[in-house]
Amino acid sequence: MERRTIGAATLDVGAIGLGCMPMSWAYTGSRQRGEESLRTVHTALDLGSTLLDTADMYGPFTNELLVGRALRERRPEAFVSTKVGLLVGEQHLVANGRPGYVRRACDASLRRLQTDVIDLYQLHRADPEVPVEETWGAMADLVTAGKVRSLGLCAVGARSGRRPGARAYDGRARDGRLHDGTIRQLERVQQVFPVSAVEAELSVWSPEALDALLPWCAARGVGFLAAMPLGNGFLTGTLTPGGGFEPDDVRARHPRFTAEMMAANQPIVAGLRRVARRHGDRVTPAQVALAWVLSQGRHVVPVPGAKRARWAAQNAGAAGLLLTAEDLAEVAGLPGAQGSWD
């Protein structure tokens, strides 16, 4: 698989990563199987998807434990990204950016992951009660201590900035201000220690990062990890409008996944299918969606979530799909997604 760099040129990963969250968090619990998840991680590594993205809050903690089981055998082949800064409460999430907590959380993640170093340690959310520079300084100390190789920041505030009920933004009418808060944070922490990567949502139906955040990263040699590049599964074309979701699945409460909105957004999937057919019977809409993300810059690494080995293999195959100028123009001309993220 093609390799891409994350920040410093010494940090290289496969062009397609693996989001491990669905294996134990946020999606249908009844379909989560530990052994199948392990096969998924091994399949991804076999095919060159070396970046494994997890977080201590996924589970909580169980996702890191699962990834650690795979790393026990294959640590040299993997690029491990995990996150700190969010605690899971009863019905809510709480940010904690206190330096002492960051140090303890890192040690706990190292134990669960069964490794002595984390390749990319990301701040999941800044704590409003703690200056972000203090949190970032504690994370930088972990680099000095040899427990972490590089630091990253997860984007914040994009969804909350959208008007409830408004149409999502298409390629012709996006609002670059959605990521202003993230960029302000990035500029603050850059003064303390270099940012190697930013993780933010980017997909055919959520392209807002293209306006300001992606160019900010490109101009500074910062890697961009594209979260949810398959639109929480919608862009795969495998979800049926009105099919429903189990109660523990985040999409069961998601405005874009009502039967009405899923039906309204089918033209997006249909367009991806048209492009896929031009490249052969085996090419899927999901692979086109991932290839589109890859085409946005050499510093971009999509991190699709998967909990089945066959999906990880299909995602990895997108690294070899080269979209033509005609393909890219057709995707750019697709209608904007309907339904608010809020």
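Remember, predicted model here, so these are calculated numbers, not experimental data.
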Tell me the closest heavy-atom pair linking [X] and [Y], and the distance in Å.
{"X": "A291", "Y": "A318", "result": "CB-O, 4.3 Å"}
{"X": "V143", "Y": "L151", "result": "CG2-CD2, 3.9 Å"}
{"X": "F257", "Y": "G231", "result": "CZ-O, 3.4 Å"}
{"X": "V117", "Y": "G146", "result": "CG2-O, 3.6 Å"}
{"X": "A126", "Y": "Q185", "result": "CB-NE2, 3.4 Å"}
{"X": "Y121", "Y": "M139", "result": "O-CE, 3.4 Å"}

Return the [atom1] to [atom2] distance between [X] and [Y], rounded to the nearest 0.5 Å.
{"X": "D211", "Y": "E208", "atom1": "CG", "atom2": "CD", "answer": "7.5 Å"}
{"X": "R125", "Y": "N96", "atom1": "CZ", "atom2": "CG", "answer": "15.0 Å"}
{"X": "T54", "Y": "M21", "atom1": "OG1", "atom2": "CE", "answer": "10.0 Å"}
{"X": "L120", "Y": "L11", "atom1": "CG", "atom2": "CG", "answer": "8.0 Å"}
{"X": "T82", "Y": "Y58", "atom1": "OG1", "atom2": "OH", "answer": "8.0 Å"}
{"X": "M57", "Y": "L86", "atom1": "CE", "atom2": "CG", "answer": "5.5 Å"}

Contact check, side chains of [X] and [Y], non-hydrogen atoms, under 4.5 Å:
{"X": "L123", "Y": "C154", "result": "no"}
{"X": "L294", "Y": "V301", "result": "no"}
{"X": "I6", "Y": "V222", "result": "no"}
{"X": "Q122", "Y": "L153", "result": "no"}
{"X": "L235", "Y": "P285", "result": "no"}
{"X": "H279", "Y": "L323", "result": "yes"}
{"X": "V102", "Y": "L142", "result": "yes"}
{"X": "L18", "Y": "V41", "result": "yes"}

Is the backbone of [Y] close enough, under 3.5 Å, to the side chain of [X] for a donor and an acceptor to pair up by distance?
{"X": "T236", "Y": "G233", "answer": "yes"}
{"X": "S295", "Y": "W292", "answer": "yes"}
{"X": "Q266", "Y": "A263", "answer": "no"}
{"X": "R310", "Y": "T40", "answer": "no"}
{"X": "R3", "Y": "D12", "answer": "yes"}
{"X": "T50", "Y": "F79", "answer": "no"}
{"X": "S206", "Y": "L202", "answer": "no"}
{"X": "D119", "Y": "V80", "answer": "yes"}
{"X": "T182", "Y": "A155", "answer": "no"}
{"X": "N265", "Y": "M261", "answer": "yes"}

message: Could you go through V250 and F245, starting from their C-alpha distance and side-chain angles, then the distance that decides it, and tell me whether this counts as side chain to side chain contact (heavy atoms under 4.5 Å, CB included)?
response: CA-CA 8 Å; V250 293; F245 300 96; over 6 Å; no
[X] atom [atom1], neighbour heavy-atom count above 12 within 6.0 Å:
{"X": "R253", "atom1": "CZ", "result": "yes"}
{"X": "E187", "atom1": "CD", "result": "yes"}
{"X": "R98", "atom1": "CZ", "result": "no"}

query: Side-chain donor-acceptor pair under 3.5 Å between D56 and S109, yes or no?
result: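 No pair is found: no donor N or O on one side chain lies under 3.5 Å from an acceptor on the other.
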With hydrophobic residues grouped by side-chain heavy-atom distances under 4.5 Å, do [X] and [Y] end up in a single group?
{"X": "F224", "Y": "I183", "answer": "yes"}
{"X": "V204", "Y": "V283", "answer": "yes"}
{"X": "M228", "Y": "I16", "answer": "no"}
{"X": "V331", "Y": "V300", "answer": "yes"}
{"X": "L52", "Y": "W311", "answer": "no"}

query: Can H299 and R4 be said to form a side chain to side chain contact (heavy atoms under 4.5 Å, CB included), step by step?
result: CA-CA 7 Å; H299 62 307; R4 293 193 168 188; over 6 Å; no
task: Could you check S81 against D53 for side-chain hydrogen bond (donor to acceptor under 3.5 Å, both in side chains), going step by step and ending with a plain yes or no?
output: CA-CA 5 Å; S81 168; D53 187 61; 3.0 Å; yes
message: Is it the case that the ring center of F193 lies less than 6.0 angstrom away from the ring center of W136?
response: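 Distance test on ring centres: not under 6.0 Å, no.
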message: Show me the pairs that pass salt bridge (charged side-chain N to carboxylate O under 4.0 Å, His left out) and involve residues 63-74, at least two apart or across chains.
response: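 Residue pairs with at least one partner in residues 63-74: E35-R69, D46-R74, E64-R112, R74-E77.
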- prompt: Going through the distances and angles, do L186 and L213 end up as a side chain to side chain contact (heavy atoms under 4.5 Å, CB included)?
  reply: CA-CA 10 Å; L186 286 165; L213 188 57; 3.9 Å; yes
message: Show, in sequence, the C-alpha distance, side-chain angles and deciding distance for M262 and L239, and conclude whether the side chain to side chain contact (heavy atoms under 4.5 Å, CB included) test is met.
response: CA-CA 9 Å; M262 288 179 69; L239 300 179; 3.6 Å; yes
field: Basic-acidic side-chain contact under 4.0 Å: D327, R278
entry: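 A salt bridge links D327 with R278.
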- prompt: Taking 4.0 angstrom as the limit, do E36 and K307 come out as a salt bridge?
  reply: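 So E36 does not pair with K307 through a salt bridge.
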- request: Test K147 against every option in D141, D116, D107 by the salt bridge (charged side-chain N to carboxylate O under 4.0 Å, His left out) rule and name the one that passes.
  value: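 For K147, the salt bridge (charged side-chain N to carboxylate O under 4.0 Å, His left out) test succeeds with only one of D141, D116, D107, which is D107.
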